[in-house]
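Input: a single structure, listed below in structure tokens.
First the proteins, then the strands, lettered A, B, ... as listed; each starts at 1.
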Amino acid sequence: MCRQSLKEWKQAIDANRKMFYFKKGEMLCYEGDEVNGIFFVYSGTVKVHKKWGTDKELIVRFAKKGDIVGHRGLGTTTTFPISATALGPVSACYIDLQFFLTTLKINQDFLFQLMIFFADELKESESRMRNLAHMPVKGRIAQALINLKEKFGCDKNGYIDITLSRQDMASYTGTTYETVFRILTEFIEDNAIEVSGRNIMLKDIRKLLSFV
DNA sequence: TCATTAACCTTGC
DNA sequence: GCAAGGTTAATGA
């Protein structure tokens, strides 16, 4: 996006946006809800998840600052195919769908950026689907840890800059929390990672990659 | 601040 | 994967 169009876009957003603040555990949108707009995450982390069977959930992806949530309602369906839950305090900006669609028609650069975003997301989604289907659990968890580190980076102590419960890890990797716990223990014994509470530090990425 | 409760973690089977 | 027991976090008085 060029400077000018970004500036115009931001000004337009300021005129149309509504800021929303969510506490930990609060939901931005519910699967099946009518789509009236989309969210831009301003701060905090959001998990995007989907019901899987009757009571299981699968975490599709994590959205952080600057990411879009709810854009998949843009297609021919008029309801959200996913739910989104705040993992911590989140501020998000809600853009009216009509305004968003109008902007897409007018702002070519923005349209282009969005297309790139969709392409990247599709690529990641396809690779995750393949992994869930063919990779052993250990490989999936190793891959998930590497992905999370790439996406969220590390805090000042070297731990991955996202706090996930074992439950969330399990939902993200398509397994149960007991399995997550046991495999994390194996990784610790292998000296591949270090765990402090819910924080995880990757110590030996090459070792992790050997399971992928 | 403390007690109660709920959610989450860990472990053995 | 299930269930039990322990731990931590959240809530309300």
Reading nucleotides 4-13 of chain C from 5' to 3' and marking B where a protein heavy atom lies under 4.0 Å of the base, S where only the sugar-phosphate is that close, and - otherwise, the string is ------S---
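A heavy atom lying under 4.0 Å from DNA chain C marks the following residues of residues 178-188 of chain A, by number: Glu178(A), Arg182(A).
If you walk DNA chain B from 5' to 3' and mark each nucleotide with an atom closer than 4.0 Å to a heavy atom of chain A, the marks span dC8(B) to dC13(B).
Using modelled atom types, no side-chain atom of Lys50(A) and backbone atom of Ile59(A) make a donor-acceptor pair closer than 3.5 Å.
Contact check on Arg72(A) versus Glu121(A) returns a salt bridge, with a Lys/Arg side-chain nitrogen under 4.0 Å from an Asp/Glu carboxylate oxygen. Under the 4.0 Å criterion applied to side-chain N and carboxylate O atoms, Arg61(A) and Glu124(A) are not assigned as salt-bridge partners.
Side chains of Thr85(A) and His49(A): a donor-acceptor N/O pair is present below 3.5 angstrom, by distance only. Checked by atom type, the side-chain pair Gln143(A)/Asn147(A) shows a donor-acceptor distance below 3.5 Å.
Within the 4.5 Å cutoff, the side chain of Asn131(A) has no heavy atoms near those of the Val212(A) side chain.
Within 6.0 Å of CZ on Phe117(A) lie more than 12 heavy atoms contributed by other residues, nucleotides or ligands.
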Stepwise side chain to side chain donor-acceptor pair (under 3.5 Å) check, Asn191(A) with Lys203(A): CA-CA 7 Å; Asn191(A) 238 352; Lys203(A) 288 169 75 180; 3.0 Å; yes
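For Arg140(A) and Phe211(A), the positive end is not near the middle of the six-membered ring at less than 6.0 Å and at most 45° from its axis.
When each of Thr173(A), Val137(A), Thr175(A), Leu58(A) is checked for a side-chain contact (heavy atoms from CB on, under 4.5 Å) with Leu132(A), only Leu58(A) meets the rule.
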